[in-house]
Amino acid sequence: MHDATLVVRAGKPRHSQGEPFLPGPTFAGSFHLEGEPSSSPFYYGRNHNPTWANYERALGLLEGGDAVVFSSGMAAITSVFSVVLLRNGGKWQKPPMLVMPSDSYYGARKLVEQHFAPLGISVRFIPTRDMGKGNFPEGATIIWVETPSNPELDVCDLSEIISAAHNSGALVAVDNTTATPLGQKPLEFGADFSVSSDTKAMAGHNDLILGHVAAREPKWTEMLRAFRSQQGAVPGPMEIWLAHRSLATLELRLSRQCNNAMEIAGYLVERKEVKSVRYPGLPDDPAFEVASKQMKYFGPVVSFVLESKSQADRFLESCELVESATSFGSVHTTAERRARWGGDNISEGFIRLSAGCEDIRDILEDIAQALDKASAK
Ligand SMILES: *Cc1c(COP(=O)(O)O)cnc(C)c1O
């Protein structure tokens with residue numbers, strides 16, 4: 001089945017007279033349970049929930065593996081790090097080693113620096129653009145990859161990294177948030193984990209926080225499910241149901257968003273006050289060649305640099321339709337001056353823009369007038 005069909009159908013029960021297409025959220029702390037717990041598929045809401053199970057089936061089909069949902073992208077990331085790196089409970093002869101892009105999602109780097117490194121995990125940072133063939137230290141336990149990276153939109157070659165990592169005995173996890181499994185399927189390239197913040201394009205409406213991990217080997221998803229129940233970062237059934245409902249339009253949303261992103265990037269390149277533009281879909285972009293090889297969609301995120309902090313702020317204030325907000329991937333076109341958060345190696349005038357699903361003519365007109373205002377002396 002093709003992805004555009006899968007997103008509409010996957011994870012929904014077979015037709016049954018008088019039943020809804022997507023069953024509503026099951027709100028349950030405890031389920032009725034007499035006698036042996038194994039006699040029931042459901043007993044306690046921290047362990048399992050039928051609404052999760054439906055969405056996980058859909059995600060598994062899209063990713064080409066088994067999927068586990070979490071209450072946020074960060075919970076998904078923390079869980080992968082925990083089951084892979086802390087497996088031996090600190091009783092290791094040589095500390096496990098995590099190799100991570102120095103330009104990966106700030107929250108993930110912060111987590112590693114503040115919570116995993118102090119436990120004795122050895123951590124090495126490498127820029128995404130240098131993560132090519134085997135270009136990482138010997139003895140890595142897991143290579144964390146984010147392609148395209150957020151917010152700088154560099155890409156790295158998944159097939160090359162995965163085969164080099166596997167040859168040296170390392171696992172590979174891909175943070176696939178910016179691409180979504182429609183844009184790029186890490187497990188098909190041989191990755192061990194595909195990790196996502198479903199808060200972004202997967203759910204796509206700026207209305208919830210969720211995440212998931214898909215893995216090729218059931219042993220990992222078993223551990224992740226156990227870890228989820230033990231550590232307790234479980235998703236609410238309402239959020240999962242909303243995400244499953246939104247999944248049906250993922251292909252429609254993403255194709256419109258990516259077309260809009262391409263148009264916006266092309267327009268920005270033409271404007272003289274824009275110092276540089278990054279979009280993996282631009283034929284002149286350094287990411288284009290590798291991105292074209294491994295991505296079906298180039299994603300909704302465009303980044304560009306204006307001359308200064310004040311020019312970037314004036315641009316954002318002058319936008320009428322492009323909303324100032326953090327995050328990306330939703331039906332609304334949003335933008336922000338990324339350096340307002342700190343933590344990324346970017347200039348003060350760096351703007352990350354996420355293309356929404358509006359009519360591109362309105363968005364281009366808005367960007368044009370805001371750039372005029374921002375650059376007027
Ligand atoms: C947003 C994001 C995350 C974190 O996800 P949350 O759902 O906010 O916890 C992780 N990785 C990337 C690339 C992201 O953009």
Side-chain angles (χ1 to χ4, degrees), residues 63-64 73 76-77 80-81 84 97-109 112 123-197 200-201 213-216 258 261 265 276-303 328 338 344-346 352:
E63 295 271 15
I77 293 173
V80 172
F81 288 160
V84 171
M97 188 199 292
L98 165 67
V99 178
M100 191 175 200
S102 55
D103 50 344
S104 57
Y105 182 66
Y106 177 61
R109 279 183 282 128
V112 163
V123 184
R124 307 289 172 82
F125 291 104
I126 300 180
T128 293
R129 69 177 78 88
D130 297 340
M131 274 193 140
K133 208 181 266 174
N135 192 9
F136 35 77
E138 272 296 297
T141 311
I142 182 166
I143 317 284
W144 187 260
V145 176
E146 190 180 311
T147 178
S149 61
N150 170 24
E152 291 174 82
L153 303 177
D154 271 324
V155 307
C156 51
D157 192 314
L158 285 175
S159 314
E160 276 185 14
I161 290 179
I162 291 164
S163 67
H166 285 173
N167 283 339
S168 72
L171 295 163
V172 178
V174 180
D175 183 333
N176 202 38
T177 302
T178 44
T180 83
L182 248 59
Q184 167 177 285
K185 295 188 194 293
L187 301 188
E188 281 184 3
F189 292 97
D192 301 279
F193 301 95
S194 172
V195 185
S196 168
S197 164
K200 315 294 163 56
V213 180
R216 280 187 313 144
C258 296
S276 63
V277 181
R278 290 298 306 266
Y279 185 62
L282 286 174
D284 291 340
D285 193 275
F288 180 75
E289 198 190 321
V290 176
S292 317
K293 207 172 72 174
Q294 64 196 23
M295 299 182 77
K296 198 167 141 215
Y297 293 99
F298 294 114
V301 184
V302 177
S303 65
F328 59 86
R338 194 61 193 166
D344 290 314
N345 185 22
I346 49 173
R352 183 182 71 184

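Everything numeric here is computed off the predicted structure, so don't read it as measured data.
In this structure Thr128 satisfies the side chain to side chain donor-acceptor pair (under 3.5 Å) test together with Asp103, sequence neighbours excluded. Arg338 pairs by the salt bridge (Lys or Arg N to Asp or Glu O under 4.0 Å) definition with Glu336, Asp344, not counting sequence neighbours. Ser102 meets the side chain to side chain contact (heavy atoms under 4.5 Å, CB included) test with Phe125, Pro127; sequence neighbours excluded. Under the side chain to side chain donor-acceptor pair (under 3.5 Å) criterion, Ser194 pairs with Glu63, not counting sequence neighbours. Residues meeting the side chain to side chain donor-acceptor pair (under 3.5 Å) test with Thr177, sequence neighbours left out: Asp175. Listed by chain and number, the residues in a side chain to side chain donor-acceptor pair (under 3.5 Å) with Ser197 are Thr199 (sequence neighbours excluded). Qualifying side chain to side chain contact (heavy atoms under 4.5 Å, CB included) partners for Cys258, counting only residues two or more places apart in sequence or in other chains: Leu254, Tyr279, Tyr297.
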>> Evaluate Asn150 against Val301 for side-chain contact (heavy atoms from CB on, under 4.5 Å), listing each step before the verdict.
In response: CA-CA 9 Å; Asn150 170 24; Val301 184; 5.8 Å; no

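Evaluation of the ring-ring contact (aromatic ring centres under 6.0 Å, His included) test over residues 141-161, restricted to residues two or more places apart or in two chains, returns Phe81-Trp144. Residue pairs meeting the ring-ring contact (aromatic ring centres under 6.0 Å, His included) criterion with at least one member in residues 154-192: none, sequence neighbours excluded. For residues 183-192, every residue pair satisfying the salt bridge (Lys or Arg N to Asp or Glu O under 4.0 Å) rule, not counting sequence neighbours, is listed here: Asp3-Lys185, Asp192-Arg216. Sorted by first and then second residue, the salt bridge (Lys or Arg N to Asp or Glu O under 4.0 Å) pairs with a member in residues 135-158 read Arg129-Asp154, Asp154-Arg278, Asp157-Lys293; sequence neighbours excluded. Among residue pairs with one or both ends in residues 294-303, none qualify as salt bridge (Lys or Arg N to Asp or Glu O under 4.0 Å); sequence neighbours excluded.
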